[in-house]
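First the structure, in the form of structure tokens, and then the observations on it.
Labels below follow one simple rule: chain letters A, B, ... track the order of the sequence lines, proteins then strands, and each chain is numbered from 1.
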2 protein chains.
Amino acid sequence: MSLTREKIIELGESFILTKGYNAFSYQDISRELGMKNAAIHYYFPSKANLGTSIVRTNIQRFEEMVENMETRGFSEWQQLESFVKVYIKSNREGKLCLLGSLGPDFATLHENTQKELKKMTDIILNWLTGLLSAGRNNTVFSFHGDAHHYAVRFLSDLVASLQLSRVVSSMDYKAYCNTLLEGLKP
Amino acid sequence: MSLTREKIIELGESFILTKGYNAFSYQDISRELGMKNAAIHYYFPSKANLGTSIVRTNIQRFEEMVENMETRGFSEWQQLESFVKVYIKSNREGKLCLLGSLGPDFATLHENTQKELKKMTDIILNWLTGLLSAGRNNTVFSFHGDAHHYAVRFLSDLVASLQLSRVVSSMDYKAYCNTLLEGLKP
DNA sequence: TTTGAAACCTACCTATTAGTAAGTATGTTT
DNA sequence: AAACATACTTACTAATAGGTAGGTTTCAAA
């Protein structure tokens with residue numbers, strides 16, 4: 001794997017999470033790397049290509065995290081807490097999550113990027129649904145109704161509140177997340 | 001008030017809610033209106049100006065809705081239901097809400113637009129907090145914890161689920177909203 | 001009948017965008 | 001030593017972006 005390639009993906013993701021997909025350019029990346037525009041095209045022929053690669057990297061990262069938590073024998077509660085911590089970190093860095101950032105721009109994305117984004121969301125939601133379901137069976141969590149419905153709601157809470165914390169000045173994101181977790185306690 | 005001006009605002013808003021702020025252009029609007037690019041600049045000197053005006057229009061619309069509901073003596077439950085219906089309509093039209101659309105692009109917006117967007121969010125959240133609080137006192141609603149916290153969560157649920165319904169194919173937005181309302185029943 | 005504002009259009013400008021073709025330096029393999 | 005791939009740069013293109021100066025039509029008021 002090329003180091004420059006990894007840096008481009010990292011920078012691209014960072015720009016998407018702060019400026020949005022349609023507001024960042026190859027120049028933004030090349031400038032930051034001290035390279036020329038064409039160098040970025042060498043690694044990623046098109047912006048759609050880069051976008052898709054960024055989503056793929058995120059899927060991979062998520063799957064590695066889940067795998068890691070399972071091999072370390074994390075409880076359902078610990079797993080959910082770790083997931084929430086990723087969002088708290090994003091908020092601290094003034095970033096959104098990829099879903100909350102690319103979701104609103106969905107219509108402007110390349111077909112492949114759309115596909116990959118859908119895949120990522122499915123993977124996250126399926127994992128979350130399974131986690132909530134299993135956790136309820138083990139009396140680790142307590143909530144009403146369908147687990148999938150609750151998973152969508154929980155994810156919505158995390159995604160949108162990241163956005164709101166930018167717009168609402170008086171928002172304590174960490175406290176908000178803790179309230180979310182508290183609501184799941186039996 | 002100029003009819004063309006109103007059409008521009010309406011179209012601009014529609015583009016923001018479907019393509020996003022940074023993906024739509026003056027050409028998109030002028031093309032739709034059968035006019036030239038410069039005609040749009042005649043009404044709105046800059047894109048930032050147009051953006052700010054669109055947010056202002058939304059604030060006005062929201063305040064008129066609230067006023068209308070109060071004069072008609074809507075109960076807290078009816079008011080919340082009406083608010084949710086606006087979101088259901090947006091979803092049916094394949095649109096986001098202005099907050100969910102401009103929020104992720106916040107960093108790229110003009111200072112004035114940011115200010116107005118913050119104002120809009122504050123107005124909505126304050127209204128929602130008051131509504132939830134009053135509704136709980138009247139035993140119309142039932143929820144735990146701070147009313148403002150719950151208002152943020154409820155708004156997050158509406159905003160992000162609109163985004164998710166684009167990405168997740170198998171989502172029944174209306175049913176989801178009903179679940180949200182059900183969760184508030186005593 | 002002239003004046004003047006409202007509502008545009010014509011014609012342009014500069015900056016930036018994603019993207020490409022061709023070249024070059026630096027190694028690495030054969 | 002020759003051939004080749006990697007990792008870029010130089011130099012360009014076509015398209016689009018937001019924006020502007022100045023002209024034209026239309027219609028109403030003085």
Side-chain angles (χ1 to χ4, degrees), chain A residues 1-55 101-102 104-114 116-117, chain B residues 1-55 101-102 104-114 116-117:
Chain A
M1 293 285 169
S2 160
L3 191 83
T4 306
R5 195 189 146 90
E6 281 174 27
K7 276 185 188 166
I8 294 172
I9 288 193
E10 202 180 320
L11 270 171
E13 182 185 330
S14 180
F15 281 125
I16 288 177
L17 302 183
T18 49
K19 302 177 67 171
Y21 181 79
N22 290 307
F24 96 91
S25 70
Y26 270 41
Q27 265 81 358
D28 287 332
I29 295 177
S30 60
R31 199 184 303 130
E32 200 84 11
L33 288 179
M35 286 175 178
K36 296 298 162 180
N37 201 357
I40 317 299
H41 280 281
Y42 170 73
Y43 290 98
F44 301 97
S46 70
K47 196 181 177 182
N49 193 296
L50 174 57
T52 307
S53 296
I54 289 172
V55 180
S101 198
L102 291 182
D105 295 333
F106 192 76
T108 70
L109 300 178
H110 187 275
E111 191 192 329
N112 293 342
T113 315
Q114 290 186 346
E116 217 63 25
L117 187 61
Chain B
M1 293 283 170
S2 160
L3 190 83
T4 307
R5 194 189 146 91
E6 281 174 26
K7 277 185 188 168
I8 294 173
I9 288 193
E10 202 179 321
L11 269 172
E13 182 184 332
S14 180
F15 281 125
I16 289 178
L17 301 185
T18 50
K19 303 176 66 171
Y21 181 80
N22 290 306
F24 96 92
S25 70
Y26 269 41
Q27 265 82 357
D28 288 331
I29 295 179
S30 59
R31 200 183 303 129
E32 200 85 12
L33 288 178
M35 287 175 175
K36 295 297 162 182
N37 203 355
I40 317 300
H41 279 282
Y42 170 72
Y43 289 98
F44 301 96
S46 71
K47 196 181 178 182
N49 193 296
L50 173 58
T52 308
S53 297
I54 289 173
V55 181
S101 198
L102 292 183
D105 295 333
F106 192 75
T108 71
L109 300 177
H110 186 275
E111 190 192 330
N112 293 343
T113 314
Q114 290 186 345
E116 217 64 26
L117 187 62

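With hydrogens and angles ignored, the 3.5 Å screen pairs a side-chain donor or acceptor of B:D28 with a backbone N or O of B:S25. Distance alone, capped at 3.5 Å, places no donor-acceptor pair between the B:K47 side chain and the B:N22 backbone. At least one donor-acceptor pair closer than 3.5 Å links the side chain of B:Y26 to the backbone N or O of B:S46.
At least one side-chain nitrogen or oxygen of A:T4 sits closer than 4.0 Å to the OP1 or OP2 atom of D:dC8. The phosphate of D:dG18 has neither OP1 nor OP2 within less than 4.0 Å of any side-chain N or O from B:S46. Contact check, B:Y43 against C:dC8: a side-chain N or O comes under 4.0 Å of OP1 or OP2. Applying the 4.0 Å criterion to OP1 and OP2 of C:dT17, one finds that A:Q27 has a side-chain N or O inside that range.
Atom CD1 in A:I40 sits roughly 8 Å away from atom P in D:dT9 (whole-Å rounding). B:N37 places its CG atom 15 Å from the P atom of C:dC12, with the value rounded to the nearest Å. Rounded to a whole Å, the OH atom of A:Y42 is 17 Å from the C1' atom of C:dG19. If you measure from atom NE2 of A:H110 to atom P of C:dA18, you get 15 Å, rounded to the nearest angstrom. Counting to the nearest Å, the P atom of D:dG18 and the NE2 atom of B:H41 are 7 Å from each other. One atom, CZ of B:R31, and another, P of D:dG18, lie 11 Å apart when rounded to the nearest Å. At whole-Å resolution of the value, NZ in A:K36 and P in D:dC12 are 14 Å apart. In this structure, the CE atom of B:M35 is 4 Å from the P atom of C:dC8, given to the nearest Å.
No side-chain donor from either of B:N112 and B:T52 sits under 3.5 Å from a side-chain acceptor of the other.
For B:E6, the CD atom sits in a packed shell: over 12 heavy atoms of surrounding residues, nucleotides or ligands are nearer than 6.0 Å.
Across all strands, B:F24 comes closer than 4.0 Å only to sugar-phosphate atoms, never to a base (heavy-atom distances). Among the protein residues, B:K47 comes within range of the sugar-phosphate backbone only, with heavy atoms under 4.0 Å from sugar or phosphate atoms but none that close to a base.
Projected onto DNA chain C by closest heavy-atom contact, A:F44 and B:G34 fall at different nucleotides, the more 5' of which corresponds to B:G34. Comparing A:A23 and A:A38 along DNA chain C, the residue whose closest nucleotide (by nearest heavy atom) sits nearer the 5' end is A:A23.
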